[in-house]
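Reading through the structure tokens given below for one structure.
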Amino acid sequence: SLSGSIYLYYLNKDYYPTLLNKIKETPPHCYQEIETDLHRSCSHPFFQTEKAIDSLRRILQTLAIHNPKTGYCQGMNIIAAHFLLYLNEEQVFWLMIKLCDNLLCGYYGCDMTAPLVDQEVFKFLVENYFPDLKQLFENANMSLITFSFSW
């Protein structure tokens with residue numbers, strides 16, 4: 001309730017069921033990406049069941065319908081999956097709406113501008129404050145950004 005998603009739910013009680021009725025309108029490119037990411041969203045045993053996978057699929061598809069400009073972006077599945085461990089399907093939908101539309105504006109989009117900026121800041125901080133860590137990555141011929149992007 002701290003996010004304000006509960007208020008969105010109470011103000012728009014019929015919205016999620018309406019989107020569920022439009023689930024076949026999920027843009028084909030979004031549907032394909034969602035299907036690709038579903039089984040790699042979370043390693044928790046809960047996601048070994050079709051019920052959980054179906055629930056996650058519905059959340060991601062309704063998000064894509066809700067915001068056709070953004071559609072579906074990689075990473076949404078991981079966050080939604082972890083929320084689904086603690087909340088019901090509709091609560092996760094509203095929390096994702098709050099995150100994607102208000103709290104993390106620009107984080108999920110085709111150009112991924114916000115996460116790329118964050119990665120550059122992270123890289124700067126490691127280079128300037130943790131030179132030993134930077135050296136470890138260089139010695140292993142590993143990119144810090146590639147390693148930390150999923151964080």
Side-chain angles (χ1 to χ4, degrees), residues 1-6 8-9 12-126 133-134 136-138 140-151:
S1 67
L2 290 177
S3 70
S5 62
I6 191 77
L8 290 175
Y9 165 75
N12 304 283
K13 280 191 174 188
D14 295 330
Y15 187 60
Y16 187 66
T18 300
L19 290 179
L20 286 174
N21 288 329
K22 296 179 178 182
I23 208 105
K24 292 190 187 314
E25 296 175 23
T26 304
H29 68 282
C30 291
Y31 179 80
Q32 202 58 254
E33 289 179 40
I34 290 168
E35 289 301 311
T36 300
D37 288 346
L38 278 174
H39 291 282
R40 55 183 180 190
S41 298
C42 184
S43 60
H44 192 279
F46 176 70
F47 287 98
Q48 305 308 311
T49 67
E50 280 307 306
K51 180 181 176 185
I53 294 296
D54 289 344
S55 187
L56 182 59
R57 178 183 292 114
R58 286 188 297 272
I59 292 165
L60 298 174
Q61 287 179 302
T62 53
L63 287 169
I65 295 167
H66 164 77
N67 189 341
K69 183 179 178 191
T70 301
Y72 169 75
C73 295
Q74 280 189 327
M76 288 178 165
N77 61 314
I78 296 168
I79 294 172
H82 284 85
F83 287 156
L84 200 51
L85 292 172
Y86 302 99
L87 303 168
N88 71 42
E89 184 177 314
E90 190 167 3
Q91 290 170 325
V92 173
F93 169 79
W94 287 111
L95 186 51
M96 291 296 293
I97 294 294
K98 189 67 176 176
L99 282 174
C100 295
D101 291 358
N102 301 110
L103 301 175
L104 296 176
C105 257
Y107 232 81
Y108 295 102
C110 297
D111 61 1
M112 302 287 284
T113 303
L116 292 174
V117 169
D118 284 353
Q119 288 301 307
E120 288 301 318
V121 170
F122 183 66
K123 181 180 170 188
F124 172 83
L125 292 171
V126 169
L133 181 60
K134 176 188 175 224
L136 279 172
F137 275 91
E138 286 177 0
N141 201 25
M142 289 178 62
S143 167
L144 181 64
I145 290 175
T146 303
F147 177 76
S148 64
F149 197 76
S150 65
W151 296 351

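- Note that the CZ atom of F46 and the NE2 atom of H82 stand 12.0 Å from one another [nearest 0.5 Å].
- Within 6.0 Å of NZ in K98 there are more than 12 heavy atoms belonging to other residues, nucleotides or ligands.
- Side chain of N12 to backbone of Y15: no donor-acceptor contact under 3.5 angstrom is found.
- Listed by first and then second residue, the side-chain hydrogen bond (donor to acceptor under 3.5 Å, both in side chains) pairs involving residues 38-50 are D37-R40, S41-N77 (not counting sequence neighbours).
- Residue T62 holds its OG1 atom at 9.5 Å from CH2 of W94, rounded to the nearest 0.5 Å.
- In this structure, L60 and L38 have side chains that are in contact, with non-hydrogen atoms separated by less than 4.5 Å.
- The backbone N or O of N88 sits less than 3.5 Å from a side-chain atom of Q91, completing a donor-acceptor pair.
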Checklist entry - Going through the distances and angles, do Y72 and T26 end up as a side chain to side chain contact (heavy atoms under 4.5 Å, CB included)? => result CA-CA 10 Å; Y72 169 75; T26 304; over 6 Å; no
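- L95 contributes atom CG, which lies 10.0 Å from atom CG of L8 (distance to the nearest 0.5 angstrom).
- For the atom pair CG (D118) and NZ (K123), the distance works out to 14.5 Å, reported to the nearest 0.5 Å.
- Contacts of E138 classified as side chain to side chain contact (heavy atoms under 4.5 Å, CB included), with partners at least two apart in sequence or in another chain: K134, Q135.
- Proximity of S5 to M96: side-chain heavy atoms (C-beta onward) are nowhere separated by under 4.5 Å.
- Here K13 pairs with Y9, Y10 under the side chain to side chain contact (heavy atoms under 4.5 Å, CB included) rule; sequence neighbours left out.
- With sequence neighbours excluded, no residue forms a side-chain hydrogen bond (donor to acceptor under 3.5 Å, both in side chains) with E120.
- The list of ring pair (Phe, Tyr, Trp, His ring centres under 6.0 Å) pairs with a residue in residues 17-38, not counting sequence neighbours, is empty.
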Next on the checklist: Under the criterion side chain to side chain contact (heavy atoms under 4.5 Å, CB included), I'd like the reasoning laid out for T70 against M76: C-alpha separation, chi angles, the key distance, then a yes or no.
Outcome noted: CA-CA 11 Å; T70 301; M76 288 178 165; 3.9 Å; yes
Item to check | Residues V92, Y86; criterion side chain to side chain contact (heavy atoms under 4.5 Å, CB included); working and verdict | outcome: CA-CA 9 Å; V92 173; Y86 302 99; over 6 Å; no
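- Under the rule for a side chain to side chain contact (heavy atoms under 4.5 Å, CB included), the partners of E89 that lie at least two apart in sequence or sit in another chain are Y16, L20, S55, R58, I59.
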Item to check | Working for side chain to side chain contact (heavy atoms under 4.5 Å, CB included), residues C42 and I78 | outcome: CA-CA 6 Å; C42 184; I78 296 168; over 6 Å; no
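- Note that the CD atom of E33 and the OG1 atom of T36 stand 7.5 Å from one another [nearest 0.5 Å].
- Closest approach of L19 and I65 over heavy atoms only: CD2-CG2, 3.7 Å.
- With sequence neighbours left out, the side-chain hydrogen bond (donor to acceptor under 3.5 Å, both in side chains) criterion links D101 to H66.
- Taking the side chain to side chain contact (heavy atoms under 4.5 Å, CB included) definition, one finds that N21 meets it with nothing, sequence neighbours left out.
- Residues satisfying the side-chain hydrogen bond (donor to acceptor under 3.5 Å, both in side chains) test with E35, not counting sequence neighbours, are R57.
- Here the CG-SG distance, from L63 to C73, works out to 10.5 Å after rounding to the nearest 0.5 Å.
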